[in-house]
Amino acid sequence: MTLAISISQYIQKLRDGEFSSEEFIAKTLERINKVEKNLHAFISINENAIEQAKQIDKKIKAKEKIGSCFGMPISIKDNICTKGMKTTCASKMLEDFVAPYDATVVSKLKSEDAIIIGKANLDEFAMGSTTEYSYFGPSRNPWNTDYVPGGSSGGSGVSVSALECIASLGSDTGGSVRSPASFCSVVGLKPTYGLISRYGLISFANSIEQIGPLARTVEDVAFILNIIAGRDSHDNTTIENRTPDYTKDIDIGVSGKKIGIISEMVGEGVDKDVQSATKHAISTFEKLGAECIPISLDSAQHSVAAYYTLASAEASSNLARFDNLRYGFDFSVEGYEYNSYISKVRSNLGPEVTRRMLLGTFVLSAGYYGKYYQKAQKVRSLIKSQLVESFKKVDLLLAPTMPILPFKIGEKIDDPLKIYLLDINTIIANLSGIPAISVPFAMADGLPIGIQLFANSLQEKQLLQSAHALQKTTKLPEVPI
Amino acid sequence: MTKIGLEIHCQLTKLESKLFCSCKADYRSFEPNSNICPVCMGLPGSLPILNKKAVEKAAMLSIALGCKIPPKIGFFRKNYFYPDLPKNFQITQYNAYGPTSIGYDGMIMIEDKEIKIRRIQLEEDPGRLVYSGSSEKTQITLVDYNRAGTPLVEIVTEPDFENPKQVRIFLNILADLVENLGVADPYLEGAFRVDGNISIEKGNRVEIKNVGSFRDIEKALHFEITRQQSLAERGIPIPAETRHWDEARKITVSSRSKEEEQDYRYFPEEDIPRIIIEKSLLDNLKKTMPESIMSKKERYINKYGIPTQVAEILSSDKFYSDLFEQSHTEKNAKEIANLITTDLKGFADTKEQREQLKLTPKHLADLADAVLNNKITRASGKTALQEILKTGKPVSEIISSLDLGNVDDESSLVKAIDEVFIEEQKAVSEAKQNPDTINYLVGKVMRKTKGKANPSLTLDMIRKKLDSQ
């Protein structure tokens, strides 16, 4: 039995009796046991997975109504709440936190008989682009374990890539789904803001982030999107999902589509191998019948500055609740008064979280609000309106997901600004709310390169169709671990 | 000149659920920390879901206070650390970047004085801290989050008050108004809380907080004026500060907290998208919201000829005016207004009295009709009302069991009148000279019949007897 199969293959083989859910889960756990010491994709593993698989097999045998996931293993980023399992955000502050409820996306997956195989590693509170800022230690890239897997949903990217699950849910605030997708050679989607409920996603930058699926094929991503998309009465920012089935007509092709190549994201500062992969992707699309034209998006040069201003401002408020008084880690209040206790416990937050909370507190303080927060909002509106203009001319936009190849663990950790700049190609989707996807496209020196496509708001269907067309042209090596 | 402005926190106690979750808005009956959920506890991953009814109630209040309502409202986060605040920020409204609170620029008249309303904002109440003894000396502080997330409106006035008396009148009118609108019961413990800002001529602004009951605000303001004046007389500058009202000592005390220096870092709450306030909603509210106290009062005077003072008492108290509305007809309206404001008042003023009240609108209608149809006298009416309050029995039963029915029968009146003429010879001769004194004799007959004599019949018979003598 191979674990390297797609969702539709999983369902077919399970139906054909090639394996049971229990067998597949057992094999997956075996795989996890084998590779985890090198990869560290997970913070915790579901100890009841086998038992849950047995229940699902029983239902299948008894020909009871069965959910569309048929017991397939899915990993969940550990900033998405799961009832009865720890949700740590890779932070000391939530080391022992068990949410009393499931996030909406989790309950949707469970009701379709998916098995939550484990909670995936991340940068603490999803702040980072390499997964090196996890309180529990970094995840490693399965293509070369000396290298970072991207982040912040690094554990999600690694677990999908290394066959430790079939699909994963990550969260994307500035590129956190697409970055590990690109670095680990899997598909990662950041949906339109509001398409997926954030209820149960522990907020970092609530006006910017979305939960998004990662899987090995575009089709699989579309399958998961079908399950998790739609309005939720627990999240006022959700919108109606008007696309009943994202997998339908997924192989319709790109013939006649207009694709804009974002000039600012393919030139200076982009690694040579990434540049040539991008050129290759463009010519591939042209061969498939699409028309590619250059598009300038000059506001994008301010996107990183605007993003780190706004995201940090929201983070400083969202993370204020972690005062360790109502939940948290074991630390007695004896000997402290209120303020000193809070400041003492908050010193347990990691360096990146601390940096952003300080930054966020600063940009919101009296006298600076207009200078930073409001100015950043203006940049955000400008990016939005430039994108709206672009989508009048083209159906999709294209850029490499990451400007560089994966790099070694520890290589950039001392220079936060360099790490911030890794998000230069992904952030526009978050600031504007539009959907974007990263598709594995090439390899250089044994390391993956992903190509990113953007579509207008709620145009996920078109985005997935084009991404699927691109993925079908690729023949990438099997993961070496 | 003394300038006083107010900030009134009024819980929307008439709502079913909290502002952002489905926990009960009426938290008072719960064991500590049992009226809570992931949302009002601010648990990681939870999101606020706006209670639309709260927006409607707050809009209604804004209309009643003559406020403008912006086409879109929004929420902000007010960031500060406090143990009663589960998220360490409060979701509130904020107008510094343009009006987005539910109401702004309103006005109400108190007597001839215009009090401008700066804004009305919808926000969540924090939890409640419970101390052992006073907050300064407590060894232990307990937190009860049952109240956290309770919907409330903060009403901020301009500093238009010149003295504490105006404040009292304003607060009475406001309390009546919110009650009449059905948005809040201002007399519930902690439901109606008032902070004051006060400055005297050339002095700095002092904020008074922690005034437990809104009746104490007048005392606190009086104290502050005296304190500030005595500082000014001695040439001591009045510092801008926040002072807390010490209920036990009836004085204000400087609170050494750094409240004034606090930077709340307000910024938009993006978990709640801006809410468009449709004109149709406002039109509908205007159509369906309870009649204002002012309009009720005018209707009582103009339609039923109820005296101004009676109309004022009746209209300003929702409980009494509801009783009136449910019991009156065009014919008996005036009599019912009298019964409520002179006879019932005093017996149904408190919440407890009202909850236990055995009197129904039907009682009032029957009683008024009995008086108007001369079945019983007004005096007997009062006795009957007391009996209703005690027993809740029907009016007809009470009239017969207490034998309150009017003595209409001339023969039994003749006997009483004869006796009075014998006993009151001096008054009789006086009445012959001066008919204005006849009432004295009528009163005597009344007393003899224990108030049951039909007054008009008695008067007629006495006149005839005087003429015949």
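Convention: sequence-line order gives letters A, B, ...; per-chain numbering from 1.
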Asker: Using a 6.0 Å cut-off, check whether atom CD of A/Glu337 has over 12 heavy atoms from anything other than its own residue.
Answerer: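 Check passes, neighbour count above 12.
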Asker: I'd like to know if the side chain of A/Ser317 pairs up with that of B/Asn79 as donor and acceptor (distance under 3.5 Å, no hydrogens or angles considered).
Answerer: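 Side chains of A/Ser317 and B/Asn79: pair found under 3.5 Å.
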Asker: In terms of side-chain heavy atoms, does A/Arg326 have a donor or acceptor partner in B/Tyr145 at a distance below 3.5 Å?
Answerer: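 A/Arg326 vs B/Tyr145: donor-acceptor pair found between side chains.
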Asker: Got a second to check how far A/Ser316's OG is from B/Phe89's CZ, nearest 0.5 Å?
Answerer: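 Answer rounded to 0.5 Å: 10.0 Å.
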Asker: If I measure from the heavy atoms of chain A, does B/Asp271 come under 4.5 Å with its side chain, its backbone, both, or neither?
Answerer: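 Interface part for B/Asp271: both.
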Asker: Crowded around A/Tyr368 OH? As in, over 12 foreign heavy atoms under 6.0 Å?
Answerer: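 No, because the 6.0 Å sphere around OH of A/Tyr368 holds 12 heavy atoms or fewer from other groups.
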Asker: Side chain, backbone, both or neither: which part of B/Tyr266 has a heavy atom under 4.5 Å from chain A?
Answerer: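 Interface part for B/Tyr266: backbone (N, CA, C, O).
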Asker: Where does B/Phe267 contact chain A at under 4.5 Å (heavy atoms): side chain, backbone, both or neither?
Answerer: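 Answer is both: backbone and side chain atoms of B/Phe267 are under 4.5 Å from chain A.
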Asker: In terms of heavy-atom pairs under 4.5 Å, which option from B/Cys21, B/Ser46, B/Pro38, B/Pro86 contacts chain A the most?
Answerer: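 Of B/Cys21, B/Ser46, B/Pro38, B/Pro86, B/Pro86 has the most heavy-atom pairs under 4.5 Å with chain A.
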Asker: For residues B/Pro44 and A/Phe322, report the shortest heavy-atom separation together with the two atoms involved.
Answerer: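 So the minimum-distance heavy-atom pair works out to CG-CE2, 3.7 Å.
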Asker: Check the surroundings of atom CD in B/Glu16: do more than 12 heavy atoms from other residues, nucleotides or ligands lie under 6.0 Å from it?
Answerer: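 Check fails, neighbour count at 12 or below.
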Asker: With a 4.5 Å cut-off on side-chain heavy atoms, are B/Arg265 and A/Tyr369 touching?
Answerer: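 No. Closest side-chain heavy atoms not under 4.5 Å.
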Asker: Any side-chain heavy atom of A/Arg321 within less than 4.5 Å of one from B/Leu85?
Answerer: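 No, their side chains stay 4.5 Å or more apart.
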Asker: Any side-chain heavy-atom pair from A/Thr237 and B/Glu270 closer than 4.5 angstrom?
Answerer: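 Of all side-chain heavy-atom pairs linking B/Glu270 with A/Thr237, none is under 4.5 Å.
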Asker: To the nearest 0.5 angstrom, please state how far the CG atom of A/Asn339 sits from the CZ atom of B/Phe81.
Answerer: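 Rounded to the nearest 0.5 Å, the CG-CZ separation comes to 9.0 Å.
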Asker: Side chain, backbone, both or neither: which part of A/Tyr199 has an atom under 4.5 Å from a heavy atom of chain B?
Answerer: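 It is both, since atoms from each part get that close.
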Asker: Which one of A/Leu325, A/Asn318, A/Thr87 has the most heavy-atom pairs closer than 4.5 Å to chain B?
Answerer: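 Result: the option with the highest number of such pairs is A/Asn318.
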Asker: Tell me, for A/Glu314 versus chain B, whether the close heavy atoms (under 4.5 Å) come from the side chain, the backbone, both or neither.
Answerer: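 Its backbone and side chain both get close to chain B.
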Asker: How close do A/Asn236 and B/Pro48 get, counting heavy atoms only, and between which atoms?
Answerer: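 Closest approach of A/Asn236 to B/Pro48, heavy atoms only: OD1-O, 3.9 Å.
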Asker: Side chain, backbone, both or neither: which part of A/Leu319 has a non-hydrogen atom closer than 4.5 Å to chain B?
Answerer: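 Contact with chain B involves no heavy atom of A/Leu319 at all.
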Asker: With a sphere of 6.0 Å drawn around NZ of A/Lys83, does it hold more than 12 non-hydrogen atoms of other residues, nucleotides or ligands?
Answerer: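 For A/Lys83, atom NZ is not crowded (no more than 12 foreign heavy atoms under 6.0 Å).
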Asker: What part of A/Ala99 is in contact with chain B, defined as an atom under 4.5 angstrom from a non-hydrogen atom: side chain, backbone, both or neither?
Answerer: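 Neither part.
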Asker: Mind telling me whether B/Tyr82 and A/Tyr338 have parallel, tilted or perpendicular rings, with 30° and 60° as the class edges?
Answerer: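 Aromatic pair A/Tyr338/B/Tyr82 classed perpendicular.
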Asker: For a quick test of reading the model, state the closest non-hydrogen atom pair linking B/Ile49 to A/Ser233 and the distance between them.
Answerer: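 Closest approach of B/Ile49 to A/Ser233, heavy atoms only: CD1-O, 3.3 Å.
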Asker: What pair of heavy atoms forms the shortest contact from A/Ser203 to B/Leu47, and how long is it?
Answerer: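 That closest heavy-atom pairing would be OG-CD2, 4.4 Å.
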Asker: Check whether any side-chain heavy atom of A/Tyr373 sits under 4.5 Å from a side-chain heavy atom of B/Pro268, and report yes or no.
Answerer: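 Yes, their side chains come closer than 4.5 Å.
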